[in-house]
Amino acid sequence: MSEYIDMDPIDKKSLGDRNVETRDAEGAYELSSNKAAALDFDDPNLDVNAIGDLDEDSPYPEVRSAVANTDDTSIPCNTFRAWVMGLAWAILIPGLNQFFFFRYPSVTISPLVSQLLSFPVGKLFAFILPNVHIFGIALNPGPFSIKEHVLITIMANVGSGSAYATDIVAVQRVYYQQAWSFGYQWLIVMATQLIGFSIGGIMRRFLVSPPSMIWPANLVYCALFNTLHQKEYAGIGSRGGISRYRFFSYACLFSFCWYFLPGYLFTALSYFSWVCWIAPNNIVVNQLFGVISGIGGSLITFDWSQIAYIGSPLATPWWAEANVAVGFVFFFWFLTPILYYTNAWYCKYLPMSSRTSFDNTGASYNVTRILNADATFNLEQYKAYSPLFLSTTFAIAYGISFASITSTLAHTWLYFRKQIWTQARRSLSEQPDIHARLMSKYKEVPEWWYGIIFISQFVFAVVSLEIWHTQFPIYAFVVCLLIAFTYVIPIGMIQAITNQQVGLNVITELIVGYWLPGKPITMMLFKTYGYITMAQALTFASDMKLGHYMKIPPRNMFWGQVVATVIAGTVQLGVQAWMFTNIPDMCSPHQPDGFICPSTEVFGTASIIWGVIGPRLLYSKGQLFYALTFFFLIGAFLPVVPYYLTKKWPRSFWKYVNFPVIFSGTGAIPPATAINYIPWAIVGFIFQFVIRRRHFAWWAKYNYILSAGMDSGLALSIVVIFFCLQYPKNGQIGIDTVATWWGNTVYINTADAASLPYLPLPDKGYFGPDSW
């Protein structure tokens with residue numbers, strides 16, 4: 001649902017000079033017509049019954065409950081200890097995450113861990129550092145401040161995940177025996193990371209400054225910052241009860257302890273396919289109720305890591321969650337069984353849901369059988385081997401990804417075009433929002449700073465593409481950037497409003513596969529520059545919004561993000577280079593220490609499927625999946641329907657229908673399954689609809705703190721379990737005791753876990769066409 005939908009419970013034209021009185025469970029509010037007009041658009045996130053005073057606070061109750069509407073410009077931010085801690089995290093977290101990125105099982109140290117640990121360390125620094133100045137810099141400017149804490153966390157966050165381009169380097173080494181120099185590796189990592197940063201900075205007037213760009217996931221971080229520093233503000237409300245700090249402590253402790261059950265001691269609580277336990281060998285039952293290769297009719301899980309796998313359900317607005325749920329139910333509970341049991345795409349011979357590709361015997365597709373010695377495509381060997389088959393859910397996932405690309409552009413044109421034009425001409429101090437006006441006191445980052453970053457990284461990219469034999473023409477690189485520029489505002493607005501991001505990975509693979517076939521290195525670079533540049537822009541924009549909410553001076557944010565990104569990317573490459581040099585049999589399927597590189601395998605297989613085989617043999621007319629290309633037309637047309645229906649019936653539910661979210665909300669499938677969507681929607685309905693509506697005061701005070709507590713406890717518990725129980729002795733602790741009892745095996749001994757197909761192979765030994 002668009003934030004700018006042209007219909008809202010308030011009909012501006014009918015307001016005139018009158019005031020509209022609205023009420024909710026918390027009291028009465030009056031909204032004047034000039035305040036409604038100040039928003040420039042109608043907005044499905046805007047609850048008219050709780051709109052508050054636009055002059056003194058955000059019009060959104062979600063923001064009011066998590067973000068303080070005051071600022072103290074004297075609070076220290078850009079301090080010595082903040083930079084020491086921020087740089088330490090920018091080295092430690094990316095290094096550890098990159099090390100374990102290539103291992104299975106793995107662990108990821110999330111930014112929440114650094115946010116939590118920075119608090120006591122910062123307090124310790126404030127206690128032990130002397131109150132002296134060195135070269136005019138105060139070592140200890142006083143108590144550890146909330147702004148220092150935010151800057152540290154942002155520096156830790158920008159490099160916490162593995163840089164996407166490091167997978168290119170790994171695939172080149174493992175699949176194509178191309179161990180190019182560290183200079184090449186560093187140039188492509190810096191270019192892919194920082195071009196995205198410059199685009200995000202340039203687009204901040206559209207994605208950061210407007211109050212409607214909520215970025216819901218950031219509200220959890222804001223609430224946690226304010227709780228840890230025990231900051232009080234009006235948006236919390238006057239409800240009694242325990243403090244938010246104590247509530248967070250209880251939630252965090254409960255989450256930490258509870259995860260030992262579904263995460264280690266009783267894993268069946270995580271994969272809670274209880275119907276399949278009753279009939280473990282019934283294939284149809286397991287396909288309909290399974291949570292591994294089925295479509296998840298068992299409904300529930302007791303594992304917060306499964307529930308929050310696609311994002312916390314306590315952070316996403318309910319109307320957006322409803323759109324995702326509707327999309328899931330239609331495409332995966334209605335359409336998938338119809339296509340599967342009518343044997344569309346020969347899928348009865350395959351599992352109903354799977355993240356891999358198959359040949360015509362039901363085995364995983366062996367890409368090495370269709371390659372020449374130089375990793376180019378061999379058409380004759382392809383014809384002698386097999387066409388490529390996908391599970392029903394995987395094929396549908398591609399189709400709805402196609403639809404999301406065109407629906408995003410159509411939706412943006414219909415709903416956002418006026419707002420984009422308005423924001424292009426509006427300064428920060430002119431935003432109808434208290435937070436923007438408070439931030440206008442600080443010096444903005446000049447546009448030319450971002451311009452310098454963009455130009456320098458553009459040069460880095462060109463050098464890397466031209467000096468080394470990438471076969472990636474510069475004009476194709478320019479097209480990549482045009483794709484990223486085209487989509488960053490539409491996708492960014494949708495993500496800022498709904499907490500759902502539309503991915504460009506499939507469309508970039510499709511374009512390069514048709515345009516420059518037979519070049520896997522080119523495909524990987526095109527995909528990375530086209531997709532990750534946009535994704536990085538939105539990651540940085542999200543961090544900028546966090547700084548906006550917490551009143552971090554923009555220039556401090558700029559340097560913190562840039563320096564941390566450079567350091568994190570360099571550390572990741574250094575760790576990766578050391579691993580490939582010093583770990584025997586790195587990325588081998590039988591590597592004794594578990595460094596089998598699962599992500600590299602997926603990335604490398606995709607490079608062959610899209611870069612070597614190419615979409616021409618999958619989606620062109622006459623090919624197996626040609627029908628999926630019509631999703632492009634479906635996606636372009638459908639947003640028109642709710643747009644005009646809401647024009648006719650402004651108060652109807654059509655104002656909440658958002659087709660980009662319906663299509664892209666299930667974009668995590670695969671590897672996500674039904675277990676990550678249905679419980680997520682159920683929890684979201686309970687907290688974001690029922691409790692928010694009936695117990696608004698409780699929701700305003702505790703909702704985001706509950707999310708932060710559950711996420712924090714989970715993050716800490718995962719780290720403890722991994723390093724204490726799974727990593728030591730190469731995972732052999734409890735292998736003959738805990739790991740073998742019924743609660744850890746019952747869901748494994750099912751047709752769901754075995755990924756069994758509905759039909760066995762035909763007598764001829766293969767399924768599908770006889771020639772291709």
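Looking only at atom types and distance, the side chain of Y175 has no donor-acceptor partner in the side chain of T600 under 3.5 Å away. D752 and Y747 share no side-chain donor-acceptor pair at under 3.5 Å. A donor and an acceptor atom, one from each side chain of T745 and W741, are nowhere located under 3.5 Å apart. For the 3.5 Å distance criterion, the side chains of T393 and T336 fail to qualify, holding no donor opposite an acceptor. Q306 and Y677 form no side-chain donor-acceptor contact under 3.5 Å, judged by distance and modelled atom types alone. If you check the side chains of Q500 and S664, you find no donor sitting under 3.5 Å from an acceptor. For the 3.5 Å distance criterion, the side chains of D711 and W304 qualify, holding a donor opposite an acceptor. A donor atom on one side chain and an acceptor atom on the other are found under 3.5 Å apart for Q287 and Y340.
A donor-acceptor pair is defined here as one N or O able to donate and one able to accept, closer than 3.5 Å; such a pair exists between the side chain of S298 and the backbone of F289. At least one donor-acceptor pair closer than 3.5 Å links the side chain of Y365 to the backbone N or O of S386. In this structure a side-chain-to-backbone donor-acceptor pair under 3.5 Å is present from T166 to A163. Although no hydrogens or angles enter the test, the distance criterion places no donor-acceptor pair under 3.5 Å between the side chain of S273 and the main chain of C276. Between the side chain of S353 and the backbone N or O of S293, no donor-acceptor pair lies under 3.5 Å. Counting only distance, with no hydrogens or angles, the side chain of T316 and the backbone of P313 share no donor-acceptor pair below 3.5 Å. A donor-acceptor contact shorter than 3.5 Å is absent between the side chain of S542 and the backbone of L538. Judged by distance alone, the side chain of K348 and the main-chain N or O of Y341 form a donor-acceptor pair under 3.5 Å. Looking only at distances, no side-chain donor or acceptor of T267 sits under 3.5 Å from a matching main-chain atom of Y264. Remark: side-chain polar atoms of S404 are paired, donor with acceptor, to backbone N or O of S401 under 3.5 angstrom.
Using bins of under 30°, 30° to 60° and over 60° for the plane-to-plane angle, the ring pair W333/F328 lands in the perpendicular bin.
Surrounding OH of Y487 are more than 12 heavy atoms belonging to other residues, nucleotides or ligands, all under 6.0 Å away. Within 6.0 Å of atom OH in Y758, 12 or fewer heavy atoms from other residues, nucleotides or ligands are found, so the atom counts as exposed in its surroundings. Atom CH2 of W274 sits in a sparse spot, with 12 or fewer heavy atoms from other residues, nucleotides or ligands closer than 6.0 Å.
F603 carries K527 over the face of its six-membered ring, with the cationic atom under 6.0 Å from the centre and within 45° of the normal. For the pair K764 and Y766, the distance from NZ or CZ to the six-membered ring centre is under 6.0 Å and the angle to the ring normal is within 45 degrees.
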**OP:** Kindly determine whether Y619 and F632 satisfy ring-ring contact (aromatic ring centres under 6.0 Å, His included), including the steps that lead there.
**Re:** CA-CA 12 Å; Y619 298 106; F632 284 112; 9.0 Å; no
Original post:
Stepwise, does the ring-ring contact (aromatic ring centres under 6.0 Å, His included) test hold for F266 with F302?
Top reply: CA-CA 10 Å; F266 193 175; F302 297 93; 9.0 Å; no
**OP:** Show the numbers, then the answer: is there a side chain to side chain donor-acceptor pair (under 3.5 Å) between D359 and T361?
**Re:** CA-CA 6 Å; D359 62 20; T361 67; 2.7 Å; yes
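Aromatic rings from F595 and F101 are positioned such that their centres are separated by 6.0 Å or more.
Exactly one residue among W258, Y259, F254, F260 makes a ring pair (Phe, Tyr, Trp, His ring centres under 6.0 Å) with F256. That residue is F260. Just one of W610, F631, F625 meets the ring pair (Phe, Tyr, Trp, His ring centres under 6.0 Å) condition when paired with Y398; it is W610.
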